[in-house]
Amino acid sequence: MKQSIIHIALVVKDYDEAIHFYTQVLNFDLIEDTYQPEQDKRWVVIAPPNSTGTTILLAKASAPEQETFIGNQAGGRVFLFLSTDDFWRDYNEMTSKGVEFIREPVEQPYGTVAVFKDLYGNLWDLIQLSASHAMVDRTK
């Protein structure tokens, strides 16, 4: 059996402001933006540049209950992990674009890491794994 997670839904307040943040500030690619008239919503998929793994589905909150989770989908814990091949390149670019880092970069045995907030307050790790802790290829 082979299975994989293809999308993770991220609840957002507004499609267009979320697309702008992720594509213009974090340099993600907009994979799809399709209107679904039967549900009066959009199917918006983004991914980090050159990524071949899981994508993020930007899901606009459609009820008051969902709105309470915008920016706090993981109860204040780091929610998403953005792996990079050049930590300092991405860290410097993100800070120059106003991204707020709430934990400054640190060198750990597993790599270089810092925690930042997205436009709604969700917490992310920006991480460059050390060679000894590189992601295991689980596709084999």
Side-chain angles (χ1 to χ4, degrees):
M1 176 190 297
K2 180 179 179 182
Q3 297 179 333
S4 62
I5 296 173
I6 58 172
H7 306 298
I8 293 176
L10 182 62
V11 180
V12 300
K13 182 170 59 171
D14 179 81
Y15 290 119
D16 294 320
E17 73 181 5
I19 290 169
H20 180 271
F21 176 81
Y22 287 103
T23 63
Q24 302 303 309
V25 177
L26 297 186
N27 295 322
F28 281 32
D29 295 326
L30 178 60
I31 307 299
E32 183 175 357
D33 184 356
T34 304
Y35 179 64
Q36 297 181 323
E38 65 281 355
Q39 296 177 328
D40 191 29
K41 67 179 185 178
R42 290 159 61 183
W43 181 261
V44 180
V45 179
I46 59 169
N50 300 309
S51 175
T52 58
T54 304
T55 61
I56 295 175
L57 173 69
L58 300 178
K60 183 178 176 184
S62 60
E65 179 182 355
Q66 293 174 10
E67 290 174 5
T68 65
F69 291 97
I70 296 171
N72 192 26
Q73 287 190 219
R77 293 185 57 99
V78 170
F79 175 53
L80 296 164
F81 300 79
L82 180 59
S83 177
T84 178
D85 63 348
D86 187 334
F87 178 89
W88 292 106
R89 174 200 64 213
D90 294 343
Y91 174 81
N92 290 328
E93 182 173 352
M94 291 167 71
T95 56
S96 75
K97 291 181 175 181
V99 173
E100 179 185 358
F101 280 83
I102 64 161
R103 284 190 222 137
E104 293 302 314
V106 293
E107 300 286 335
Q108 298 287 353
Y110 56 83
T112 306
V113 62
V115 178
F116 70 94
K117 290 182 179 183
D118 68 14
L119 77 162
Y120 297 115
N122 292 299
L123 300 182
W124 292 64
D125 269 2
L126 174 64
I127 185 167
Q128 182 177 3
L129 294 170
S130 63
S132 63
H133 285 79
M135 298 286 281
V136 175
D137 183 357
R138 304 189 103 196
T139 61
K140 296 179 182 173

Q: Evaluate the ring planes of F116 and W124, with Trp represented by its six-membered ring, and classify them as parallel (under 30°), tilted (30 to 60°) or perpendicular (over 60°).
A: parallel
(Q) In this structure, would V45 and V11 fall into the same cluster of hydrophobic residues linked by side-chain contacts under 4.5 Å? (A) no
**Q.** Heavy-atom closest pair, residues R103 and V78
**A.** NH1-CG2, 4.3 Å
Q: Using side chain to side chain contact (heavy atoms under 4.5 Å, CB included) as the criterion, point out the one residue from V115, L80, N72 that pairs with L123.
A: V115
Q: Look at atom CD of E65 and say whether more than 12 heavy atoms of other residues, nucleotides or ligands are closer to it than 6.0 Å.
A: no
(Q) Suppose the criterion is side-chain hydrogen bond (donor to acceptor under 3.5 Å, both in side chains): which pairs have a residue in residues 105-117, not counting sequence neighbours? (A) E107-T112
Q | Residue pairs involving residues 30-69 (criterion ring pair (Phe, Tyr, Trp, His ring centres under 6.0 Å); sequence neighbours excluded) | A | H7-W43
Q) Taking all atoms of both residues into account, what is the closest heavy-atom pair of V12 and A18, and its distance? A) CG1-CB, 3.8 Å
Q.
Using only atom types and a distance under 3.5 Å, with no angle test, would you say the side chain of Y91 pairs donor to acceptor with the backbone of P105?
A. no
Q: State, to 0.1 Å, how close P48 and L82 come at their nearest heavy-atom pair, and which atoms those are.
A: CG-CD1, 3.7 Å
Q.
Under a 4.0 Å threshold between the charged nitrogen and the carboxylate oxygen, would D16 count as salt-bridged to K60?
A. no
Q) Closest approach of D118 and L10, non-hydrogen atoms and distance? A) OD2-CD2, 4.2 Å
Q: Give the minimum heavy-atom separation between A114 and E104, together with the two atoms involved.
A: CB-C, 4.0 Å
Q | Partners passing salt bridge (charged side-chain N to carboxylate O under 4.0 Å, His left out) against E93 (at least two apart in sequence or in another chain) | A | K97
Q | Flag, side chain of T84 to backbone of D86, donor-acceptor distance under 3.5 Å | A | yes
